[in-house]
Amino acid sequence: MIFEFQHPDLQVCVLAAGRGKRMRSNKPKVLHKVLGRTMIDHVLHTVESLRPRGIAVVTGYASEMVQAHVGQPRNLEWVIQDRQLGTGHAVKQCEQAISDVRDVLIVCGDTPLLRSGTLAKLVAEHRDQDAIVTVLTAKVDSPSGYGRIVRDSIGRMTGIVEEKDATDAQRLIREVSSGIYCVRRDVLFDLLHKLGNSNAQGEYYLPDIVPLALNDDRAVETAVMQDATEMLGVNDRAQLSSVEDIMQAHITRDWQQRGVTIEKPETVRIEATVSIGLDTVIQAGCYLIGSTHIGDECRVGPYAVLVDAWIDDRVEIFAFSHVHDANVAMGARIGPFARLRPGAQLDEDVRVGNFVEIKNSVVNRGSKINHLSYIGDTEMGADCNIGAGTITCNYDGANKHKTIIGDRVFIGSDTKLIAPVEVKSDATVGAGSIITKKVESGGLTLSERPDQRHVSHWQRPRKKNH
Ligand code: UD1
Ligand code: CA
């Protein structure tokens with residue numbers, strides 16, 4: 001067998017059926033992104049790395065939308081909860097999907113900071129203690145919103161009380177439920193069938209399996225999380241941004257440990273899906289988004305935005321440049337204030353200067369486009385020099401047309417190349433030309449220039465009082 005289970009006797013159940021009303025959104029909560037990846041994908045990524053027997057994901061609100069947005073096909077089964085009658089009710093829907101395993105690990109889809117090591121530890125403790133139910137808890141400074149862990153005089157957990165059902169005294173309890181449980185499969189569904197819904201929200205609460213298990217004299221344990229921030233749940237947009245900040249700090253630290261210099265890290269956004277090579281320097285205010293890859297020994301910024309960009313080794317991207325879905329080869333230098341749009345492919349040692357926009361074009365090795373130009377739908381050879389203000393006029397209002405430029409071409413400043421048009425290798429085009437026909441190799445090509453006049457008796461207007 002190629003795929004090896006690390007936890008062959010474990011099934012994971014991910015709860016993601018709720019709408020997340022507090023987000024005030026048209027899309028389900030778990031599809032909101034934290035640093036470029038949906039919350040559900042963060043959680044699935046984490047639980048997948050435990051390599052369990054299977055993963056059941058409960059969806060309900062906009063379930064088609066959730067299913068359509070989950071990344072690659074995984075070892076998972078979708079379970080539908082038609083009406084969101086509570087977390088206990090949600091787990092109960094998995095009775096068919098979760099079969100003959102020893103334990104079920106239940107996690108929520110709205111806790112993207114969760115780490116797999118924490119879950120592995122929970123499962124190990126649950127098994128060491130031979131517990132029936134183990135609740136992962138955390139000690140926090142502000143327990144507001146979480147279920148509180150209620151213990152008796154000798155410290156044994158007697159139940160979990162939701163904020164809305166808690167007495168004033170219970171609300172002061174600082175130990176809370178993470179919403180994460182490890183439960184023996186052979187008792188889980190019996191307990192769930194016994195759940196009632198007489199509580200403040202009229203819901204079937206998963207936490208109520210704790211008193212039910214205790215009633216049956218089952219071993220119920222708690223495991224305390226070392227880092228309570230990992231269980232932070234996202235219920236509204238304020239929590240979304242706090243969680244994003246925490247994750248950003250982790251990601252930044254990770255890249256620093258892997259040999260990336262990050263200046264003013266608190267101003268930089270590096271999404272979870274980005275990769276960066278050794279000895280690269282990321283300067284203040286950079287946004288590295290989506291599938292962006294940056295190679296070794298690059299310098300980016302300050303204030304550069306890279307979206308789904310592929311940047312090879314030793315590339316410099318100067319301040320305020322914007323790169324979207326473009327490829328930049330080794331040794332190229334971009335910006336400041338350059339814009340590379342989708343389909344821009346720059347070969348080695350290409351130089352793109354300030355206020356230059358390049359779209360859907362290949363620029364071969366060593367060519368320079370240093371100032372104020374638009375290059376669209378173009379194939380450009382190697383070692384060209386494109387003068388300031390050169391425009392490829394590629395669009396007639398309905399169709400895009402190509403400009404083909406050979407090797408070692410020199411285009412004088414302020415030239416318009418009206419596509420479709422071709423400029424052969426080693427051609428030189430005079431400044432200010434309007435090129436509408438093929439330019440042959442060698443020599444000088446230029447379009448007719450308007451006459452220059454001199455008016456000797458003209459006086460420059462003067463301002464009064466000066
Ligand atoms: C829940 C727990 C609380 C815990 C907290 C940790 C309950 C009753 N409360 O509260 O003890 O401290 O998580 O973050 O379990 N869901 C469904 N179907 C439903 C209801 C919810 O799939 O019918 C899913 C939601 O999509 C969400 C998760 O379960 O992913 C938790 O639901 P949520 O409403 O966020 O519960 P909390 O109030 O945060
Ligand atoms: Ca929650």
Side-chain angles (χ1 to χ4, degrees), residues 316 318-322 326 332-341 343-347 349-466:
E316 290 187 280
F318 298 106
F320 302 105
S321 293
H322 193 283
R333 297 198 292 154
I334 313 297
F337 298 101
R339 180 169 185 209
L340 303 183
R341 289 174 53 204
Q345 286 186 54
L346 312 189
D347 200 0
D349 301 318
V350 161
R351 176 78 180 97
V352 172
N354 42 260
F355 307 106
V356 172
E357 172 182 343
I358 300 185
K359 186 216 74 174
N360 191 33
S361 296
V362 177
V363 178
N364 274 294
R365 180 192 293 251
S367 286
K368 297 185 178 71
I369 312 158
N370 272 333
H371 333 267
L372 299 156
S373 290
Y374 171 68
I375 304 297
D377 304 302
T378 296
E379 278 172 33
M380 188 186 300
D383 297 318
C384 293
N385 195 321
I386 308 298
T390 298
I391 307 285
T392 55
C393 308
N394 61 329
Y395 188 47
D396 60 15
N399 310 292
K400 302 283 170 61
H401 300 283
K402 290 204 76 157
T403 300
I404 314 269
I405 299 173
D407 297 330
R408 298 171 301 279
V409 166
F410 181 98
I411 308 256
S413 296
D414 195 28
T415 292
K416 281 146 197 83
L417 298 158
I418 300 183
V421 72
E422 183 176 1
V423 181
K424 292 290 204 182
S425 290
D426 299 299
T428 299
V429 175
S433 292
I434 296 175
I435 299 299
T436 54
K437 295 189 291 258
K438 184 193 273 186
V439 175
E440 294 299 344
S441 186
L444 171 69
T445 304
L446 68 174
S447 62
E448 218 52 66
R449 292 175 174 183
D451 271 350
Q452 183 169 322
R453 285 196 298 151
H454 180 69
V455 183
S456 56
H457 52 270
W458 183 83
Q459 275 267 316
R460 194 186 298 167
R462 295 219 166 89
K463 283 189 190 163
K464 290 205 172 88
N465 307 325
H466 279 283

Self-check item: Lys/Arg N to Asp/Glu carboxylate O, Arg365 vs Asp383, below 4.0 Å
Solution: no
Quiz item: Is the closest basic N to carboxylate O distance between Arg408 and Asp426 below 4.0 Å?
Solution: yes
Exercise. Taking the side chain as every heavy atom from C-beta outward, state whether Lys402 and Pro420 have any atom pair closer than 4.5 Å.
Key: no
Quiz item: Hey, is the main chain of Thr378 close enough, under 3.5 Å, to the side chain of Ser361 for a donor-acceptor pair?
Solution: yes
Quiz item: To the nearest 0.5 Å, what is the distance between CG (Leu340) and CG (Leu346)?
Solution: 5.5 Å
Self-check item: Value rounded to 0.5 Å, distance of OG1 in Thr392 from CD1 in Ile375
Solution: 5.0 Å
Exercise. Please name all residues satisfying side-chain contact (heavy atoms from CB on, under 4.5 Å) with Arg449, sequence neighbours left out, ordered by chain then number.
Key: Ala431, Leu446
Exercise. List the atom of Ser425, the atom of Ser441, and the distance in Å for their closest heavy-atom pair.
Key: O-OG, 2.6 Å
Exercise. Say whether Tyr395 and Asp377, considering side chains only, have a donor N or O and an acceptor N or O under 3.5 Å apart.
Key: no
Self-check item: Between NE2 on residue His371 and OG on residue Ser413, distance to nearest 0.5 Å
Solution: 7.0 Å
Quiz item: Looking at side-chain heavy atoms only, is the closest gap between His401 and Asp396 below 4.5 Å?
Solution: yes
Quiz prompt | Under the side chain to side chain donor-acceptor pair (under 3.5 Å) test, residues paired with Asn354 that sit two or more places apart | solution = none
Quiz item: Can you name the nearest heavy-atom pair linking Gly353 to Ala338, along with the distance?
Solution: O-CB, 3.6 Å
Quiz item: Which heavy atom of Gly381 sits nearest a heavy atom of Cys384, and at what distance?
Solution: O-SG, 3.9 Å
Quiz item: With no hydrogens and no angle check, is any side-chain donor or acceptor of Arg333 less than 3.5 Å from a backbone partner on Glu316?
Solution: no
Quiz item: Atom CZ of Phe355 and atom OG of Ser373: how far apart are they, to the nearest 0.5 Å?
Solution: 12.5 Å
Quiz item: Are any of the side-chain heavy atoms of Ile386 and Asn370 separated by less than 4.5 Å?
Solution: no
Self-check item: Least distance between heavy atoms, Ser367 atom then Ala382 atom
Solution: OG-C, 3.4 Å
Quiz item: side-chain contact (heavy atoms from CB on, under 4.5 Å) between Ile358 and Val352: does it pass, once the steps are laid out?
Solution: CA-CA 9 Å; Ile358 300 185; Val352 172; 3.6 Å; yes
Quiz prompt | Close side-chain approach of Val356 to Leu372, heavy-atom, < 4.5 Å | solution = no
Self-check item: Closest contact, heavy atoms only, Ser321 versus Phe337
Solution: OG-N, 3.5 Å
Exercise. Could you tell me the separation between the CG atom of Asn385 and the NZ atom of Lys368, rounded to the nearest 0.5 Å?
Key: 6.5 Å
Quiz item: Do the non-hydrogen side-chain atoms of Thr390 and Ile369 ever get within less than 4.5 Å of each other?
Solution: no
Quiz prompt | Step-by-step side-chain contact (heavy atoms from CB on, under 4.5 Å) determination, Ile404 to Val423 | solution = CA-CA 6 Å; Ile404 314 269; Val423 181; over 6 Å; no
Quiz prompt | Sequence-distant partners of Lys438, side-chain contact (heavy atoms from CB on, under 4.5 Å), two or more places apart | solution = Glu422, Lys424, Glu440
Quiz item: So, do Ile435 and Thr415 sit near enough that their side-chain heavy atoms are less than 4.5 Å apart?
Solution: yes
Quiz item: What is the distance from atom CG of Asn364 to atom CG of Asp347, rounded to the nearest 0.5 Å?
Solution: 5.0 Å
Quiz item: Is there a donor-acceptor pair under 3.5 Å between the side chain of Thr428 and the backbone N or O of Leu444?
Solution: no
